[in-house]
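Numbered from 1 within each chain, the chains take letters A, B, ... in sequence-line order.
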2 protein chains.
Amino acid sequence: MRTVLEIQRVLAPDVVDVLKKRYTILRHLRHAGAVGRRTLAAALGMSERVLRAETEFLKSQGLVDIETSGMRVSEAGISLLADMEPMMKEWFGLAELEDRLAAAFGLRQVVVVPGDADRDPLAKRELGKAGAAELTRAAAAMERADNEPLVVAITGGSTIVEVADHLSASQGLKGALFVPARGGLGERVELQSGTIASTMAKRTGGGYRLMHVPDDVGEEAIATLMSEPHIREVADIVRCARIAVHGIGEAYEMARRRRVDAETIQKLRTGGAVAESFGYYYNRAGEVVHRMPTVGLRLEDIQRMETVIAVAGGGSKAEAIAAVLKNGQEDVLITDEAAATAMLQFSSLDAST
Amino acid sequence: MRTVLEIQRVLAPDVVDVLKKRYTILRHLRHAGAVGRRTLAAALGMSERVLRAETEFLKSQGLVDIETSGMRVSEAGISLLADMEPMMKEWFGLAELEDRLAAAFGLRQVVVVPGDADRDPLAKRELGKAGAAELTRAAAAMERADNEPLVVAITGGSTIVEVADHLSASQGLKGALFVPARGGLGERVELQSGTIASTMAKRTGGGYRLMHVPDDVGEEAIATLMSEPHIREVADIVRCARIAVHGIGEAYEMARRRRVDAETIQKLRTGGAVAESFGYYYNRAGEVVHRMPTVGLRLEDIQRMETVIAVAGGGSKAEAIAAVLKNGQEDVLITDEAAATAMLQFSSLDAST
DNA sequence: AATGGTCGGGACGTAATCGGTCCCGGTTGA
DNA sequence: TCAACCGGGACCGATTACGTCCCGACCATT
């Protein structure tokens, strides 16, 4: 039997956010006493208008009193706040996880959604939603020349599909150009980066480019391909990408899905590969032990990038995520509660050995 | 300590509606099996588009599967539905109350909101919201000549203030003309019908007219006033009203608030007055025992009206509401759970004696 | 095999809402 | 006395919601 809250998370997923927002406002307001809209909005990092809408709502519910000197929480509001405190603790536990992860892996920002993507499809959707939100925000924050489209590099995987599905048209992403970070990597077509890039373009009203590169070609064939003008052109665009959104996979799982040859498997095994991202395989220390031979982004391109967003969750991926983050290209991580908890355990174990 | 649900009812009142809507869709869908959008929309009385948005959401949550033959509830949906059933019963209890009230008092439609307006301010707000929704719907359903504004007659009272506060601009009410149903009845200004009419006009973008009639004048003075062109003009407009929205009060309570003279009090007492509405006082049988002398709507005008909406709640008003409804001018009743339950008790008592 | 009805999905224009921004007159506290 | 801050009002572009119609696919009946 599910709880009321779980049912709501399925049937009306946004309410949790709304509740959290209003709770936060009430809390700050109780702490700050009589304070005005602009001051409060600045303190909470909200825009004046949305905070205004919220406070007007809270006023209409009789939870805050509005006086000429400012707003303050009413008796009813204080009582409600007290009743909410315990049930909010659970949700705000995530904020603490975020801070600890950001510190442990040197990230600019971390978002942790509740649940475990391994077991709960909802958690995966939440990952996608959060990823889409971060991408949108990152794009909005970029300074852009008018004539130059914002290039966003995308990898494949089911998690990134979720990100694509939660994107929508916005100012920041208007006219953005979505490109696959790397060429064909032998996935199913609906999980391939090209498919995802086109979805994103469609949903945001942007454009996209594809690299039509055959799978399973050798290093020398890549060199030949790169001299093709079509491929070359797209590859050049990809290297101008300012944002990248990528998933993270377990090394062997990815190798299996991509049907890599026995020789490579052996290489991964001797190298102790645990993680895959962007077609690179990493060991637990975050060192690259193998690189899929295909065109597109190289590690140094990723380093140059302004915002690299990793989206991956599920307890089973914790080790892989930690490994990739140790390599240290990422700026933003979107993950779930299960992975976050496990990652912190890994990282404290490493620190102690 | 409040329950999660009660907290939500305060902090996010709309979710209950959303939940109910989605639950209803799931339920009907489970019952109907594979069925299409249009068919389902017709069965549920929704527009095709909103049902589509909902089913797309339900699909995105994995609760329904969409096939070429139609939509059907998925395994996960069935399990969720089972979990929801008990918690929904509580909310759907209200639907049953609505049906019984409609049958008992011969009403076209009844809306029962949860709670007790006597004790819970939220219930009163819900009354206002439901009243505003019904008014909007009634207005939208009217056939209107282009050049003739839709006239809506309004009474006073705190409940109708709530209705006004929940109105917003809509197509149906565009250009509507709000008028006080009757002249000054000696209330506080913020509870007077004129004030409310102007609020409604402002919120909907419509117009309003006021009757500037002094309080406490005799019958003969009324006749004189009616010959005044200004008064006369507005009174004529009022009588063309096609919709009325009114509150219902307890007889003595209203008499007290309006500071009526001792003689009238005596008249009310001998007549057994229990209820007041539109300035008319009713006994338990629904007979008019007194009429406040002022200009505006007469009982026969109300009879002619296309839609008369009564909005009143609170257990203490149950008897008064029942009395007014027995007179039988009303088409639509908006009330709350406490009043609804008590009214049904009254009505069954009456039937048995 | 033909056909009429219903299916999901796509598209489009308009109404309504949201949200960023600025302004204003009043209040307050230094 | 005055500057800073207050709530409320207003405006406008961006975004969303929604009514409506169309299309090709599919199915059952003819």
Using atom CG of A:L173 as one end and atom C1' of D:dT15 as the other, report the distance to the nearest whole Å. 14 Å

Readout for nucleotides 25-30 of chain D: B = base within 4.0 Å of protein heavy atom, S = sugar-phosphate only, - = neither; 5' to 3' it is ------

Validation row: A:M200, A:R203 side chains within 4.5 angstrom (heavy atoms): no

Would you mind checking if B:R125 and B:E162 are paired as a salt bridge, meaning a charged N to carboxylate O distance below 4.0 Å? no

Heavy-atom distance under 4.5 Å between the side chains of B:L29 and B:R72, does that happen here? no

Looking at B:T307 and B:A138, would you say the former's side chain and the latter's main chain have a donor-acceptor pair under 3.5 Å? no

Between C:dG19 (C1') and A:E54 (CD): distance, integer Å: 12 Å

Side chains of B:T195 and B:V161, heavy atoms from C-beta outward: is any pair under 4.5 Å? no

Between the protein and nucleotides 20-24 of chain D, list the N/O to N/O atom pairs that are separated by less than 3.5 angstrom.
residue	atom	partner	partner atom	Å
D:dC21	N4	B:E48	OE2	3.3
D:dC22	N4	B:R38	NH1	3.1

Ion pair A:R137/A:E134, N-O distance below 4.0 Å: yes

We want to know whether A:Q109 and A:E98 form a side-chain donor-acceptor pair, criterion being a heavy-atom distance below 3.5 angstrom. no

I want to confirm an ordering. Mapping B:V50 and B:K202 to their closest nucleotides on DNA chain D, which one lands closer to the 5' end? B:K202

Could you check how far CG of B:D14 sits from P of C:dC18, rounded to whole Å? 10 Å

Pick out the pairs of N or O atoms, protein on one side and nucleotides 1-6 of chain C on the other, that lie under 3.5 Å.
none

Do the charged groups of A:K124 and A:D165 touch, with an N to O distance under 4.0 Å? no

Stacked cation flag B:R22 on B:F57, 6.0 angstrom / 45 deg: yes

Roughly, in whole Å, what's the span from CD1 in A:I66 to C1' in C:dT27? 15 Å

Could you give the CG-to-P distance, from B:D65 to C:dG9, as a whole number of Å? 12 Å

When you compare the side chain of B:H28 with that of B:T24, does any pair of heavy atoms fall below 4.5 Å? yes

Between NZ of B:K59 and C1' of C:dG9 the distance, given in whole Å, is 10 Å

Could you tell me the separation between the CZ atom of B:R72 and the P atom of C:dC7, rounded to a whole number of Å? 13 Å

Taking the side chain as every heavy atom from C-beta outward, state whether B:L19 and A:Q8 have any atom pair closer than 4.5 Å. yes

To the nearest angstrom, the CZ-C1' distance between B:F57 and D:dC18 comes to 18 Å

